[in-house]
Amino acid sequence: MRVERVLTLRGAGARAGARVGADAGVGADAGVGAGAGVGAGFRVGMAAAAIMCLFLGLILPGRATAFSPEEIMNGVGQSPSSHMSMLFEVTFFGLDVATVDAFLTDADAEQVAAILSTADDELEREERDQIRAVLLQADPCVIRMTLLRDASWERYLKATQRNLKHAYEADLLSEEDYQRLETEFVTDFASLEERGVKKGDAVYYRTDGDRVRISFFDVDGNKLEATDRSGELRAEGILASYFGPKSDFSEKLIRSLDEVDDQ
């Protein structure tokens, strides 16, 4: 796992640094020189570990480098049935507030297309459930929400939390995982609380295996915040909150498949 690799490198660097520091302490007072050497060595080791992380392209959990929208979209949304799109409306605004798009790989899109090929003009519940099953296992998958108007961070956060709760209520997440993911999202993006969200902002969620990258961009494409985390059902939580049977987005996204392909 990425975090374990970072910690392993950090520990190795610290041990190497401690040896350097201990050598530097030879010839000095045994009590003071050795202690100072180990302390200096620890600092050298931490610096060495940081350099190694940068050299190898490793990312500490939580904060992430600035992935561009082009990097995030790599390998998805390139074939028929690989793109879904909907307009998100919420009653407390009384207006359209966002567009939500989901993008699949060619392989996952082929599974969706096979289901669509057996459907009549309108998807029946059984067919929608079959497509939903594909979406909940999609890998990788990108979901993009583009804001159509300004809103407070609190309102945006409530919409996110509500759909995580829907995933929990549909038994797609345990209570523990639901609470952890909810708290994690709040803390990871606390820097946006004062600013809120603005018209034209876009948030991208990309799941790759057990890895989730979330990136916020403003209307000009400038990164506002980004995180990169792995493990602990994070990818499942994102997919469940958008594609689960109780999600605010699931039905409209699935029903949009024919409309998007016809455009």
Side-chain angles (χ1 to χ4, degrees), residues 67-90 93 95-113 115-116 123 128 131-151 155-157 159-160 162-164 166-167 185 189 197-208 211-227 234-263:
F67 301 106
S68 68
E70 292 75 21
E71 290 174 300
I72 295 169
M73 292 295 297
N74 183 45
V76 298
Q78 299 175 354
S79 61
S81 303
S82 67
H83 179 206
M84 294 160 278
S85 185
M86 61 162 282
L87 191 62
F88 181 41
E89 307 161 285
V90 288
F93 284 117
L95 296 166
D96 302 331
V97 295
T99 56
V100 178
D101 295 87
F103 304 90
L104 307 175
T105 63
D106 290 350
D108 289 326
E110 286 179 9
Q111 294 186 63
V112 170
I115 298 168
L116 291 173
L123 289 170
R128 298 198 305 273
I131 292 173
R132 183 177 291 108
V134 174
L135 301 180
L136 287 170
Q137 299 294 322
D139 183 30
C141 179
V142 173
I143 299 163
R144 180 184 67 207
M145 178 179 284
T146 306
L147 280 298
L148 300 179
R149 58 187 63 251
D150 297 356
R155 283 182 169 177
Y156 179 83
L157 195 59
T160 302
R162 182 173 63 249
N163 283 285
L164 277 173
H166 289 335
F185 190 88
F189 296 97
V197 293
K198 309 294 183 183
K199 181 179 179 179
D201 285 356
V203 55
Y204 289 78
Y205 302 82
R206 182 179 176 108
T207 63
D208 280 290
R211 180 185 182 190
V212 176
R213 284 175 281 177
I214 308 176
S215 301
F216 274 83
F217 298 92
D218 66 15
V219 67
D220 297 318
N222 300 309
K223 182 184 75 78
L224 301 174
E225 186 58 276
T227 63
R234 292 186 176 92
E236 289 88 340
I238 294 297
L239 296 175
S241 65
Y242 277 89
F243 300 135
K246 295 189 176 183
S247 167
D248 292 338
F249 313 108
S250 178
E251 284 295 317
K252 281 190 174 182
L253 285 172
I254 291 172
R255 291 178 185 276
S256 78
L257 280 162
D258 285 332
E259 299 171 11
V260 173
D261 284 346
D262 290 340
Q263 291 177 0

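Below, each value reflects all heavy atoms present in this structure, side chains not excepted, and no hydrogens, waters or symmetry copies.
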ring-ring contact (aromatic ring centres under 6.0 Å, His included) involving Y205 - partner list, sequence neighbours excluded:
Y242
CD1/I214 to OG1/T227 distance, rounded to the nearest 0.5 angstrom?
4.0 Å
Can you name the residues that form a side chain to side chain contact (heavy atoms under 4.5 Å, CB included) with L148, not counting sequence neighbours?
L87, D96, T99
Return the set of residues passing side chain to side chain contact (heavy atoms under 4.5 Å, CB included) with E251 (not counting sequence neighbours), or none when no residue passes.
R128, R132, R255
Any heavy-atom pair between the side chains of I131 and L123 that's under 4.5 Å?
yes
Can you check side-chain contact (heavy atoms from CB on, under 4.5 Å) on I143 and F243, steps first, answer last?
CA-CA 10 Å; I143 299 163; F243 300 135; 4.2 Å; yes
Atom CD of Q137 with >12 non-hydrogen neighbours under 6.0 angstrom
no
Do you know the tightest heavy-atom contact between S215 and A226?
OG-CB, 3.8 Å
Considering all heavy atoms of both residues, which atom of A98 and which atom of M145 are nearest to each other, and what is their separation?
CB-CG, 3.8 Å
I'd like to check the side chain to side chain donor-acceptor pair (under 3.5 Å) partners of D220; sequence neighbours left out, ordered by chain and number.
none
So do V76 and L104 actually touch side chain to side chain, heavy atoms under 4.5 Å?
no
Quick one: list whatever passes salt bridge (charged side-chain N to carboxylate O under 4.0 Å, His left out) with D208, sequence neighbours left out.
R206, R213
What closest approach, in Å, do G221 and F217 show between heavy atoms, and which atom pair accounts for it?
O-CD2, 3.4 Å
Is F189 close to L157 at the side-chain level, that is, under 4.5 Å between some pair of heavy atoms?
no
Please report the closest heavy-atom contact between P80 and A109, naming both atoms and the distance.
O-CB, 3.6 Å
Within-4.5 Å side-chain heavy-atom neighbours: K252 and F88
no
Could you work out, with side chain to side chain donor-acceptor pair (under 3.5 Å) as the rule, every residue matching K198, not counting sequence neighbours?
none
Those residues at least two apart in sequence (or on a different chain) that pass ring-ring contact (aromatic ring centres under 6.0 Å, His included) with F103 are H83
Heavy-atom side-chain proximity of L253 to L135 below 4.5 angstrom
no
Pairs in or reaching into residues 98-109: which pass salt bridge (Lys or Arg N to Asp or Glu O under 4.0 Å), with residues at least two apart or in two chains?
D101-R144
Side chain to side chain contact (heavy atoms under 4.5 Å, CB included) filter on T207, not counting sequence neighbours, yields C141, V212, A235, I238, L239
Locate the shortest heavy-atom distance separating S241 from L164; write the atom from each residue and the value.
CB-N, 4.0 Å
Across all chains, not counting sequence neighbours, the side chain to side chain contact (heavy atoms under 4.5 Å, CB included) partners of K199 are D150
Tell me the closest heavy-atom pair linking S81 and L116, and the distance in Å.
OG-CD1, 3.6 Å
